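We name chains A, B, ... by the order of the sequence lines, and we start the count at 1 in each one. All values reported here derive from a predicted model rather than from experimental measurement.
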Amino acid sequence: TEPSDLKDEL
Amino acid sequence: MNIFRFAGDMTHLISILVLLLKIYATKSCSGISLKTQELYALVFLTRYLDLFTDFISVYNTIMKLVFIASSLAVVCCMRMHRVVRRSYDKDLDTFRHYFLILASFVLALLVNEKFTFQEIFWAFSIYLEALAILPQLVLLQRSGNVDNLTGQYVFFLGAYRAFYILNWIYRYFTEQHFSRWIACVSGLVQTVLYADFFYYYFISWKNNAKMQLPA
């Protein structure tokens with residue numbers, strides 16, 4: 001998955 | 001990571017610690033809605049499906065594990081613990097939360113960032129989290145009086161999403177193509193749902209009185 005749509009928030 | 005998001009995560013963690021403190025210290029879950037706890041467990045389980053596939057950071061992984069473990073622990077404790085479960089307000093906690101699950105899932109099928117299994121469940125968890133507090137607020141409304149720890153639990157639980165809204169505003173202005181409009185709109189709805197509780201919580205805090213919700 002591209003870094004943009006990585007869900008980095010909890 | 002920015003200060004707003006970190007403050008939000010810490011506030012969320014504090015709310016969970018206050019809840020655990022209330023249940024273990026008083027050996028009672030009176031005033032706590034089991035349905036809200038079950039909805040939160042579902043929120044974390046469906047939101048963190050990427051727990052083992054996408055590694056973001058040690059902090060991210062640890063917090064996800066803490067949120068999943070603590071929400072499941074509270075549900076199990078309220079259902080199984082022979083002393084705690086006796087104090088559960090079963091006849092007050094009657095909100096039909098299955099409708100919230102159904103509505104969130106249908107909405108997630110219609111409105112999501114990408115029609116994939118993970119994205120649909122992520123959107124579902126975002127919508128469900130906005131509504132998950134309803135059984136708890138209804139229970140408090142019906143029981144009238146709110147004990148301190150329960151009041152603090154709901155207060156911190158509401159405050160954390162308010163910090164996240166500041167985080168989204170900050171990220172919108174500092175990161176060019178940042179768009180979390182699903183989480184942002186849902187987070188706004190979630191924070192507004194707490195508004196009346198915040199109002200009565202502030203009034204009781206100002207008058208240094210026990211918190212009373214109008215029946």
Do other residues, nucleotides or ligands put more than 12 heavy atoms under 6.0 Å from the CZ atom of B:Phe99? no
Could you state the interatomic distance from CG (A:Asp8) to CZ (B:Arg180), rounded to the nearest 0.5 Å? 5.0 Å
Residues, nucleotides or ligands: over 12 heavy atoms within 6.0 Å of B:Phe198 CZ: yes
Crowding at CZ, B:Phe6 (>12 non-hydrogen neighbours, <6.0 Å): no
For B:Asn60, is it the side chain, the backbone, both or neither that has a heavy atom under 4.5 Å from a heavy atom of chain A? both
Under 4.5 Å heavy-atom distance to chain A, tell me which part of B:Phe178 shows up: side chain, backbone, both or neither. side chain
Any side-chain donor near an acceptor of the partner, B:Asn167 and A:Glu9, under 3.5 Å: yes
Measure the shortest side-chain to side-chain distance between B:His12 and A:Leu10 over non-hydrogen atoms and say whether it is less than 4.5 angstrom. no
Give the minimum heavy-atom separation between A:Lys7 and B:Glu119, together with the two atoms involved. NZ-OE2, 3.1 Å
